[in-house]
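What follows is a single structure, written as structure tokens, with notes after it.
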Amino acid sequence: MQDTPTVAAIIVAAGRGLRAGGEVPKQWQKIAGKTVVEHSLNLFIEHPRVSEIILVIAEDDRDHAVSLGLDRIATIAIGGADRSSSVQNGVTQAQADRVLIHDAARCCCPSDVITRVCDALNDHEGAAPALPVTDALWTGAAGVVTGVQDRSGLFAAQTPQGFHRDAILNAHHTNTRPVVDDVEVARRAGLDVGIVQGDARNIKITMPEDFARATKLLETPLDIRTGNGFDVHRFGDGDHVMLCGVKVPHERGLQGHSDADVGMHTVTDAIYGALCRGDIGQHFPPSDPQWKGAESHIFLSHACALAREMGFEITHMDCTLICEFPKIGPVAQSMRARMAEIMDLDIDCVSVKATTSERLGFTGRGEGIAALATVTLIKGTIA
Ligand code: CTP
Ligand code: MG
């Protein structure tokens with residue numbers, strides 16, 4: 001069986017963006033928290049089929065690209081006077097069998113479009129996304145309609161345009177005329193180019209008003225969540241208790257499969273709750289011997305990592321410990337500091353407080369400690 005062909009993305013970002021205007025070329029303007037170039041790079045960094053990325057920029061923008069750390073995620077190539085020479089400089093640097101040539105200005109391209117282009121390259125020397133033209137087409141001159149153009153069989157072209165690397169490089173070398181895109185270069189050289197389904201969201205930032213459309217497409221809608229947690233551990237033999245990551249001397253210990261840190265378990269459960277991802281027992285079954293005596297920061301760190309993976313930022317947590325003894329007041333600051341460290345939060349966003357239950361119930365009788373927690377998680381931006 002043949003090896004799976006490797007795929008490189010060539011992102012051309014060396015133009016001057018004259019039509020879009022602004023103080024810096026359109027691809028270096030920031031929308032939805034990042035430059036347009038970074039959004040475009042992310043499309044390919046996150047795509048499972050792409051193993052190599054070449055970013056083509058103008059010589060003058062090299063320092064800016066390095067200051068953003070882009071040289072660590074892509075091979076930097078320097079562009080030419082026209083788009084076609086920028087493409088050639090990029091493709092020349094690529095090692096992969098196939099190349100996806102993409103305009104940095106199309107920073108909202110859905111992942112499926114990239115997949116469709118990759119798939120079509122198994123049957124064609126080139127493949128590109130396009131949408132059938134749906135608007136009526138006219139010819140016009142001096143502000144008046146001079147004719148009507150049949151739109152049947154017409155497509156509006158998008159990128160990434162994919163090719164077998166050597167075929168498109170040869171096609172560029174032999175081409176001498178100005179071209180609109182790489183499909184035109186390929187067709188001149190006699191390559192067959194398949195059309196795959198494009199996407200209306202795959203817009204190219206060209207005019208100033210396109211920034212607002214692209215921003216809307218890139219922003220994730222605001223998602224604010226609160227999660228609650230509750231946990232109880234029974235007292236047993238011992239000379240200390242672990243509470244919110246702090247060892248507190250006490251005439252009794254807390255019983256549990258792990259280190260029985262009831263505060264940390266409660267906060268961990270609150271995070272799972274906000275994420276709708278079950279509870280601590282599902283992630284770390286008490287029946288599993290590997291968690292015997294485990295330090296509870298392992299559980300809390302797991303929940304925090306899961307939140308980050310799901311795109312959430314934890315912005316606040318509040319934990320209440322319910323017990324008569326030990327007294328929490330004197331150690332509450334240390335607990336806040338330790339919890340803030342594990343959760344990678346500012347200490348001002350971390351609260352640990354305590355209450356007694358007025359000697360009522362199991363906490364009042366000193367049979368165990370209960371804990372409650374609330375956490376707040378945020379993803380996205382206001383649309
Ligand atoms: N491009 C490039 N090198 C050039 C010209 C264009 O790498 N010499 C890139 C642009 O940065 C853009 C893509 O090709 O990502 C598509 O070109 P276009 O939308 O025309 O961008 P600009 O040429 O920068 O804009 P304008 O034509 O408005 O000046
Ligand atoms: Mg241009």
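We count ligands from 1, going down the list as the structure has it; atoms in each ligand are counted the same way. Just so it is clear, the values below take in all heavy atoms, side chains as well, and ignore hydrogens, waters and symmetry mates.
- Under a 4.0 angstrom heavy-atom cut-off, Asp82 registers as being in contact with ligand 1.
- Under the 4.0 Å criterion applied to side-chain N and carboxylate O atoms, Glu59 and Arg62 are assigned as salt-bridge partners.
- The contact set between ligand 1 and Gln27, taken as ligand atoms under 4.0 Å from a residue heavy atom, comprises 11 (O).
- Among all protein heavy atoms, the one lying closest to atom 25 (O) of ligand 1 is Gly17 CA, 3.3 Å.
- Arg336 places no side-chain N or O within 3.5 Å of a backbone atom of Ser351 that could act as its donor or acceptor partner.
- The single protein non-hydrogen atom nearest to atom 20 (O) of ligand 1 is Arg19 NH2, 3.0 Å, given as residue, atom name and distance.
- Considering backbone and side-chain atoms together, Leu18 places an N or O closer than 3.5 Å to an N or O of ligand 1.
- Assignment of Ala81 to the shell around ligand 1 is supported, since a heavy atom sits closer than 4.0 Å.
- Distances from atom 18 (P) of ligand 1 to the heavy atoms of Arg16, Arg106, Lys26 put Lys26 nearest.
- Contact analysis puts Gly80 in contact with ligand 1, with a non-hydrogen atom separation below 4.0 angstrom.
- Remark: ligand 1 atoms within the under-4.0 Å shell around heavy atoms of Lys204 are 18 (P), 19 (O).
- Between Gly15 and ligand 1, at least one N/O pair is under 3.5 Å apart.
- Using a cut-off of 4.0 Å between Lys/Arg side-chain N and Asp/Glu carboxylate O, Glu209 and Arg213 are scored as not salt-bridged.
- A salt bridge links Asp61 with Arg16: the closest approach of a Lys/Arg side-chain nitrogen to an acidic carboxylate oxygen falls below 4.0 angstrom.
- At a 3.5 angstrom cut-off on N or O pairs, Ala14 counts as close to ligand 1.
- Of the protein's non-hydrogen atoms, the one nearest atom 13 (C) of ligand 1 is Asp103 OD1, 3.3 Å.
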Can you give the donor-acceptor pairs under 3.5 Å from side chains of residues 338-349 to other protein atoms, not counting sequence neighbours?
| residue | atom | partner | partner atom | Å |
| --- | --- | --- | --- | --- |
| Arg338 | NH1 | Glu341 | OE1 | 3.0 |
| Asp346 | OD1 | Asp348 | N | 3.0 |

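- Counting non-hydrogen atoms of other residues, nucleotides and ligands closer than 6.0 Å to CZ of Arg49 gives a total above 12.
- Atoms of ligand 1 found under 4.0 Å from any heavy atom of Ser86 (numbered from 1 in listed order, with element): 2 (C), 3 (N), 4 (C), 7 (O), 8 (N).
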Distance-only check: which donor-acceptor pairs under 3.5 Å involve side-chain atoms of residues 70-81, not counting sequence neighbours?
none

